*Asks:* 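Here it is, the structure in full.
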Amino acid sequence: MTVGVQLLVPIKPLHSAKTRLRGGEIPPGKHAELVTALALDTVLAAEAAERVLRVIVVTSDPELTRRFRDHGVEVLADAPLAGLNAALRHGDGVLRERLPHVRTGALQADLPALRGGELDGAIAEAGAERACCADRQGTGTTLLLASSGAPLRPSFGPGSAAAHREGGANPLRGPWESLRCDVDTEADLRTAARLRLGEHTRALLRDEAPELLDRWAGCPDTV
């Protein structure tokens with residue numbers, strides 16, 4: 001019987017994360033806070049999913065480490081500091097040593113509109129098989145699930161959805177707008193706002209750029 005999925009959420013250091021969100025209407029001095037808010041809303045929503053046993057953040061950024069530990073979230077140091085896939089392989093190895101019979105997954109850290117129920121739906125559709133959920137554009141991967149008892153084998157990067165399918169991951173077909181809505185650009189953030197942002201991202205924007213939320217809530221989605 002499946003007791004739940006262990007999800008790894010890797011996050012780059014704040015100074016190098018989400019660079020395409022710089023230079024828009026978000027105040028430039030708030031970039032690190034925005035990245036942190038996106039990740040907090042993602043992780044806390046994932047923790048609320050019934051089919052998620054635990055969520056572990058993988059990062060070596062000291063501020064992110066502090067913020068997540070303040071919320072009671074376990075943080076593994078990013079080792080060997082060789083990029084996203086290396087961080088996930090490291091985290092996967094740690095978790096599989098602890099609980100070898102519990103499957104591992106990887107969730108992107110930029111899903112600020114994520115709903116736990118949609119994540120549950122994706123995990124349920126996957127069953128016990130290796131599976132992946134593509135982003136809105138169909139090219140990236142927002143969720144990768146290992147098959148039960150098997151290593152994660154991440155292939156994140158450009159064209160990761162196709163790479164994961166070629167690696168044997170079944171493509172998940174459910175709509176799950178909030179699970180597919182990753183945020184790389186300000187246009188993506190606008191789309192996430194239309195789905196309703198999590199409390200940390202929404203509060204930051206309300207404090208720093210209140211006109212954006214009002215405008216995005218009423219404009220047609222042209223992304």
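Computed from a predicted model, the values in this text were never measured in an experiment.
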*Asks:* Do the side chains of Leu95 and Ile123 join up, straight or via other hydrophobic residues, at under 4.5 Å, putting them in one cluster?
*Replies:* no

*Asks:* Look at the side chain of Arg180 and the backbone N and O of Ala134, then say whether any donor-acceptor pair between them is shorter than 3.5 Å.
*Replies:* yes

*Asks:* Measure the CD1-CD distance between Ile11 and Gln108 for me, rounded to the nearest 0.5 Å.
*Replies:* 10.5 Å

*Asks:* Atom CD of residue position Glu47 - does it have more than 12 heavy atoms of other residues, nucleotides or ligands inside 6.0 Å?
*Replies:* yes

*Asks:* Is a donor on one side and an acceptor on the other found under 3.5 Å between the side chain of Asp135 and the backbone of Thr139?
*Replies:* yes

*Asks:* Does Arg96 reach the main-chain N or O of Thr104 with its side chain, forming a donor-acceptor pair under 3.5 Å?
*Replies:* no

*Asks:* Ignoring hydrogens and geometry, is there a side-chain-to-backbone donor-acceptor pair from Glu186 to Glu25 under 3.5 Å?
*Replies:* yes

*Asks:* Taking the basic N atoms (NZ, or NE/NH1/NH2) and the acidic carboxylate oxygens, is any pair closer than 4.0 Å for Glu118 and Arg115?
*Replies:* no

*Asks:* With no hydrogens and no angle check, do the side chains of Thr191 and Asp188 hold a donor and an acceptor under 3.5 Å apart?
*Replies:* no

*Asks:* Can you tell me how far the CG atom of Leu111 sits from the CG atom of Leu179, to the nearest 0.5 Å?
*Replies:* 6.5 Å

*Asks:* Closer than 3.5 angstrom, by distance alone: can the side chain of Asp41 be matched with the main-chain N or O of Thr201 as a donor-acceptor pair?
*Replies:* yes

*Asks:* Mind checking whether Val55 and Thr42 have side chains closer than 4.5 Å, heavy atoms only?
*Replies:* no

*Asks:* With a 4.5 Å limit on heavy-atom distance, are the side chains of Leu64 and Val57 in contact?
*Replies:* no

*Asks:* Please give me the minimum heavy-atom distance between Cys132 and Thr141, naming the atom from each residue.
*Replies:* CB-CG2, 4.1 Å

*Asks:* Which atom pair, heavy atoms only, marks the closest approach of Ala87 to Asp78?
*Replies:* CB-OD1, 3.3 Å

*Asks:* Of all the heavy-atom pairs spanning Arg103 and Ala128, show the shortest one and how long it is.
*Replies:* NH2-C, 3.7 Å

*Asks:* What heavy-atom pair brings Ala49 and Gly116 nearest, and what distance separates the two atoms?
*Replies:* CB-O, 3.6 Å

*Asks:* Out of curiosity, Glu33 CD to Arg67 CZ, how far, rounded to the nearest 0.5 Å?
*Replies:* 8.0 Å

*Asks:* Please check if the side chain of Arg136 supplies one atom and the backbone of Cys181 the other of a donor-acceptor pair under 3.5 Å.
*Replies:* no

*Asks:* Would a distance-only check, ignoring hydrogens and angles, find a side-chain to backbone donor-acceptor pair under 3.5 Å from His200 to Ala39?
*Replies:* no

*Asks:* Could you go through Leu38 and Leu189, starting from their C-alpha distance and side-chain angles, then the distance that decides it, and tell me whether this counts as side-chain contact (heavy atoms from CB on, under 4.5 Å)?
*Replies:* CA-CA 10 Å; Leu38 299 176; Leu189 186 57; 4.1 Å; yes

*Asks:* Can you tell me how far apart CD (Gln6) and CG (Leu145) are? Round to the nearest 0.5 Å.
*Replies:* 12.0 Å

*Asks:* Could you tell me whether the side chain of Pro154 reaches within less than 4.5 Å of the side chain of Leu144, counting heavy atoms only?
*Replies:* yes

*Asks:* Which atom pair, heavy atoms only, marks the closest approach of Arg130 to Ser147?
*Replies:* N-CB, 3.5 Å

*Asks:* Hey, quick one: are Phe68 and Leu14 part of the same hydrophobic cluster, counting side-chain heavy atoms closer than 4.5 Å, chains of contacts allowed?
*Replies:* yes

*Asks:* Return yes when atom CZ of Arg22 has more than 12 non-hydrogen atoms of other residues, nucleotides or ligands closer than 6.0 Å, and no otherwise.
*Replies:* yes

*Asks:* For Arg51, is there any backbone N or O sitting under 3.5 Å from a side-chain donor or acceptor partner on Asp120?
*Replies:* yes

*Asks:* Check whether Arg54 reaches the backbone of Glu74 with its side chain - one donor and one acceptor, N or O, closer than 3.5 Å.
*Replies:* no

*Asks:* When hydrophobic residues are tied together by side-chain contacts of less than 4.5 Å, even through go-betweens, does Trp176 share a cluster with Val43?
*Replies:* yes

*Asks:* Ignoring hydrogens and geometry, is there a side-chain-to-backbone donor-acceptor pair from His164 to Ser155 under 3.5 Å?
*Replies:* yes

*Asks:* Find out if a path of hydrophobic residues (ILVMFWY) with successive side-chain heavy-atom gaps under 4.5 Å connects Val58 to Val73.
*Replies:* no

*Asks:* Calculate, to the nearest 0.5 Å, the distance between atoms NE2 and OG1 belonging to His31 and Thr19 respectively.
*Replies:* 7.0 Å

*Asks:* Looking at every heavy atom in both Gly91 and Leu8, which two are closest together, and how far apart are they?
*Replies:* C-CD1, 3.6 Å

*Asks:* Spell out, yes or no, whether Val5 and Ile56 are grouped together once hydrophobic residues are joined by side-chain heavy atoms under 4.5 Å, including indirect joins.
*Replies:* no

*Asks:* Within a radius of less than 6.0 Å around NZ of Lys18, do more than 12 heavy atoms belonging to other residues, nucleotides or ligands occur?
*Replies:* yes

*Asks:* Identify whether the distance between the nearest side-chain nitrogen and carboxylate oxygen of Arg202 and Glu199 falls below 4.0 Å.
*Replies:* no

*Asks:* I need the Thr142 OG1 to Leu114 CG distance, nearest 0.5 Å.
*Replies:* 8.5 Å

